[in-house]
Amino acid sequence: MQSILKKILTLSLTINLTILAQGYVCAIGGGSENYNDWSDAPYRWIVQRADSGKIIIIDVADATNWLPNYFISLGASTAYNKTIPNVATANLQSTYDELITAKGIFIRGGNQWDYIRFWKGTKVDSAIQYVFNNGGVIAGTSAGAAVLGEVDFTAQSGSAYPDESLLNPFISKMRFEYNFLKLVPNVLFDTHFIERGRHGRLIAMIYNQHFNSGRDLIGAGIDDRTAICISPNGIGEVMGSGAVTIFYKDNLTNYAAYTSGKYTIENLKSHILTKGWKFNFNTKEITFIPESAKDVDINRAWQMPRTSFYLTGNNDISANLNNLGEFLSNTNSSNVVVITHPGFSNSITTLTNYLASNNYNYSLLNITTSNLNNPIEAAKINNSTCIVFAGDSLNVLSLLNQNGNIVANEFHNSVQSGKSIFFFGNAGKIAGGIFVGNTDTDLYASYRGRMTLNNGLNIFGELVFQPLVFDNADYYENRMSSVLWGMMRNRKRIGIYLNGTNRVQFSSMDKSITGFATIPYVIVDTRTATKVDSSTYRASGSIGPRQVVAFDNLRWSLTNYPTIKYLLQVGRFDYLTEVENELQLDVPADFVLYQNYPNPFNPITNIKFSIPTVILSSSKDNEDVTIRQTQSDRLMKTQSEMISQTQRDMKVTLKVYDILGNEVATLVDEEKLPGTYEVKFNGDRLASGVYFYRLTFADLSVTKAMILIR
């Protein structure tokens with residue numbers, strides 16, 4: 001027995017000593033270092049954890065002495081460059097003997113494929129492991145940071161751009177290395193993150209690895225001029241000017257497998273961390289939030305869409321005419337008002353020619369400060385049945401957010417009455433309560449604090465929208481940071497990234513988002529965020545801090561399935577297409593009576609309702625009733641259970657009453673299978689006024705009002 005205990009004690013001590021002997025890692029997102037600048041903190045951390053000893057800087061090409069001198073200025077006893085350009089040099093015993101004398105090894109930026117193909121499995125690989133296992137520091141910037149995780153993106157076939165990665169997460173460029181260094185368990189690093197708009201790329205990489213290797217990795221995207229420095233206990237601290245974005249799959253995350261070019265990612269967990277925030281890579285928890293962070297009230301009132309509207313991914317009117325045609329065919333388009341501004345007349349001709357050639361009745365309203373109280377212009381909005389916005393001056397178009405003038409008042413009355421709206425490209429940014437400006441003209445607006453915050457039309461107050469996200473790589477940082485910065489500054493809950501001729505549709509009836517997209521549209525949902533923060537770093541020429549931010553507990557969702565709805569009230573898709581399980585039943589999860597459309601109507605309107613498979617709870621009459629079978633419940637069921645459940649008949653009635661409570665029509669009175677239905681109501685024999693329609697299902701009922709105008 002004593003012998004066994006002795007062996008256990010010895011093993012335990014060995015394990016503990018091994019854990020304690022592990023070294024330090026500092027992953028840096030790239031960008032130029034400089035004295036008395038952002039780089040001092042992480043590079044000094046490297047020197048200090050290396051006990052101010054020798055630091056060897058390695059690369060496959062020759063380099064200047066700037067970086068060695070910088071390390072020495074921060075306290076290193078000595079620092080120098082070591083060029084290891086090929087496998088032969090990497091396998092020299094003298095190379096190994098030299099590297100293991102270092103207290104810290106720093107891998108320069110360059111091409112990570114060079115490091116993998118020349119150093120993997122060589123004495124350089126062994127020497128780096130030796131230094132790390134003996135408590136030393138292994139650091140790298142850009143490509144040098146990209147090889148520090150357990151899994152590395154190799155760049156063997158070239159860089160994978162975010163738009164092509166989102167379009168197909170399994171493109172040939174998505175090549176990974178599993179047996180080089182492996183210093184930080186279960187982590188994949190990406191660099192130059194917000195600068196190159198790589199959020200979509202890293203999400204695609206994590207999704208790829210879930211299916212191709214069966215691993216759910218932590219993705220750590222590091223902004224340029226930013227670092228995350230990780231101690232042996234797995235806790236990483238963010239330093240520098242920008243942010244580190246963490247992605248990982250948890251129990252609320254769902255994937256639909258990629259099939260025929262379509263896929264879905266729902267509720268991928270994320271934290272965005274700025275200077276001073278700490279994250280434990282072992283437990284996937286934030287362990288420290290600095291005092292600079294501000295609290296977020298998660299119980300603050302929600303603002304749902306006031307009317308239904310369409311957004312498109314770019315400004316090209318000609319390319320988006322199909323999207324406009326889809327909008328006009330799905331709304332009351334008998335009288336279209338086009339709202340634009342002077343100076344956009346050359347572009348607007350394409351739109352007005354389209355409306356005229358397709359026999360649409362339309363009027364043109366040019367917004368100026370001088371015509372906001374013009375009754376003729378107000379009448380154009382009043383007489384319209386739907387609204388189209390097109391223009392490149394958002395500050396002019398957003399003059400309609402003002403109160404006290406008749407044109408703006410008429411516009412808001414139209415929104416309140418449910419007139420649908422179509423926005424071309426950037427004009428859609430004003431659909432939110434706020435919009436972020438100066439994203440498309442100043443290349444360094446976000447980096448130098450020059451993006452602006454402006455009041456939108458508040459059609460959907462929670463929204464911050466950014467189109468053209470992959471339109472021009474020069475503006476990647478502005479456009480990626482605009483949504484997150486706008487959401488942080490004004491505590492908004494829903495961000496949308498969209499590109500090209502893709503479109504998304506917001507429904508005020510069922511409070512949902514749907515999209516028609518080739519590249520998946522991306523939703524950022526901050527409803528569970530409790531803390532926010534932002535960078536305080538000011539670069540040369542800045543008028544304010546770098547406009548990158550911190551959030552805890554974000555969720556990222558994306559899809560290019562046109563039939564899937566993102567339900568705003570609950571923050572999830574209404575269903576996922578589970579190709580893996582070959583379960584593709586389009587069965588509603590909720591009992592919902594939608595607002596009739598159009599409303600007001602004359603004399604025909606449509607009434608839509610959904611009958612679910614399972615009743616879990618009920619609600620009082622005259623309230624929005626939602627009876628949910630949770631997505632996790634549904635996905636846990638076998639296909640046979642789901643089919644059996646959908647075969648149960650349910651008695652459903654839908655009746656219309658006048659304002660005195662007299663029944664005037666029965667639209668449905670029969671058993672219905674679970675599903676979504678739509679019926680027409682014709683009020684041609686009724687007088688103008690308010691009517692009520694009541695849906696009864698099982699022991700539940702819900703009533704809504706509608707207005708008939710003759």
Side-chain angles (χ1 to χ4, degrees), residues 160-171 197-204 207-208 254-268 305 308-327 329-330 421-429 431-432 460 463-472 476 479-480 482-483 494-507 510 512-525 555-568 571-577 579 584 586:
Y161 295 99
D163 51 347
E164 64 184 359
S165 300
L166 280 173
L167 180 63
N168 180 1
F170 302 99
I171 54 172
R198 286 178 168 170
H199 297 67
R201 175 171 105 159
L202 186 54
I203 291 171
Y207 176 86
N208 173 297
N254 288 293
Y255 295 146
Y258 183 86
T259 179
S260 301
K262 297 189 181 301
Y263 67 105
T264 299
I265 298 173
E266 177 185 78
N267 282 325
L268 186 66
S308 298
F309 60 97
Y310 281 48
L311 304 174
T312 65
N314 68 22
N315 297 323
D316 190 332
I317 290 178
S318 296
N320 279 295
L321 289 178
N322 285 338
N323 286 327
L324 177 64
E326 179 71 17
F327 165 78
S329 67
N330 283 285
I421 305 175
F422 184 94
F423 293 94
F424 280 101
N426 261 336
K429 293 173 73 167
F460 178 26
L463 175 67
V464 181
F465 172 56
Q466 180 59 59
L468 297 98
V469 63
F470 303 124
D471 180 69
N472 184 332
Y476 275 177
R479 291 169 177 166
M480 286 305 302
S482 68
V483 169
I494 300 294
I496 298 284
Y497 294 103
L498 194 63
N499 198 64
T501 57
N502 298 336
R503 69 170 187 263
V504 292
Q505 300 152 215
F506 288 76
S507 170
D510 57 7
S512 70
I513 306 170
T514 54
F516 188 86
T518 305
I519 298 173
Y521 62 95
V522 179
I523 300 170
V524 187
D525 195 319
R555 295 284 174 177
W556 296 67
S557 297
L558 56 94
T559 189
N560 55 358
Y561 277 105
T563 56
I564 291 180
K565 294 181 179 182
Y566 188 81
L567 305 175
L568 291 167
R572 62 170 179 82
F573 291 114
D574 58 347
Y575 70 93
L576 291 181
T577 304
V579 178
Q584 301 186 44
D586 185 0

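Predicted, not measured: the structure shown is a model, and the values here were computed from it.
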Taking [Y]'s backbone N and O only, do any of them form a donor-acceptor pair with [X]'s side chain (distance below 3.5 Å, no angle check)?
X	Y	answer
Asn208	Ala204	no
Asn560	Gly261	yes
Asn320	Asn323	no
Asn502	Thr518	yes
Arg201	Pro162	no
Tyr310	Phe506	no
Asn499	Val469	yes
Asn314	Leu468	no

Closest non-hydrogen atom pair, [X] against [Y]:
X	Y	value
Lys262	Ala517	NZ-O, 4.4 Å
Thr514	Ile564	CG2-O, 3.5 Å
Phe423	Ala431	CE1-CB, 3.9 Å
Ser482	Val464	O-CG1, 4.1 Å
Pro305	Ser507	CG-O, 4.4 Å
Tyr497	Met480	OH-O, 2.5 Å

Listed partners of Phe422 passing ring-ring contact (aromatic ring centres under 6.0 Å, His included), at least two apart: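 Phe422: ring-ring contact (aromatic ring centres under 6.0 Å, His included) contacts with Phe327, Phe424.
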List for me each residue that meets ring-ring contact (aromatic ring centres under 6.0 Å, His included) alongside Tyr207, sequence neighbours excluded, and say none if there are none. Phe170, Phe211, Tyr255, Tyr263
Test Ile496 against Val483 for side-chain contact (heavy atoms from CB on, under 4.5 Å), laying out the working first. CA-CA 7 Å; Ile496 298 284; Val483 169; over 6 Å; no
Glu266/Ser557 under side-chain hydrogen bond (donor to acceptor under 3.5 Å, both in side chains): CA gap, chis, key distance, verdict: CA-CA 4 Å; Glu266 177 185 78; Ser557 297; over 6 Å; no
Regarding Tyr566 and Asp525, is there a side-chain donor-to-acceptor distance under 3.5 Å anywhere?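 Judged by distance alone, the side chains do pair up.
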Derivation of the side-chain contact (heavy atoms from CB on, under 4.5 Å) call for Asn254 and Asn267: CA-CA 7 Å; Asn254 288 293; Asn267 282 325; over 6 Å; no
Which of parallel (below 30°), tilted (30 to 60°) and perpendicular (above 60°) describes Phe309 and Phe460?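 Judged by the thresholds at 30° and 60°, the geometry between Phe309 and Phe460 is tilted.
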Under the side-chain contact (heavy atoms from CB on, under 4.5 Å) criterion, do Arg572 and Leu567 qualify, and how do the steps go? CA-CA 6 Å; Arg572 62 170 179 82; Leu567 305 175; 3.9 Å; yes
For Leu311 and Arg503, run side-chain contact (heavy atoms from CB on, under 4.5 Å): C-alpha distance rounded to whole Å, both residues' side-chain angles, the deciding distance at 0.1 Å, then the answer. CA-CA 5 Å; Leu311 304 174; Arg503 69 170 187 263; over 6 Å; no
Salt bridge (charged side-chain N to carboxylate O under 4.0 Å, His left out) pairs, two or more places apart, involving residues 559-568: Asp510-Lys565
Validation row: [X], [Y] side chains within 4.5 angstrom (heavy atoms):
X	Y	result
Ile265	Trp556	no
Asp471	Arg479	yes
Ile523	Ile513	yes

Distance col, row Asp574:CG vs Ser512:OG, nearest 0.5 angstrom, shows 8.0 Å
Evaluation steps, side-chain hydrogen bond (donor to acceptor under 3.5 Å, both in side chains), between Glu326 and Asn330: CA-CA 6 Å; Glu326 179 71 17; Asn330 283 285; 3.0 Å; yes
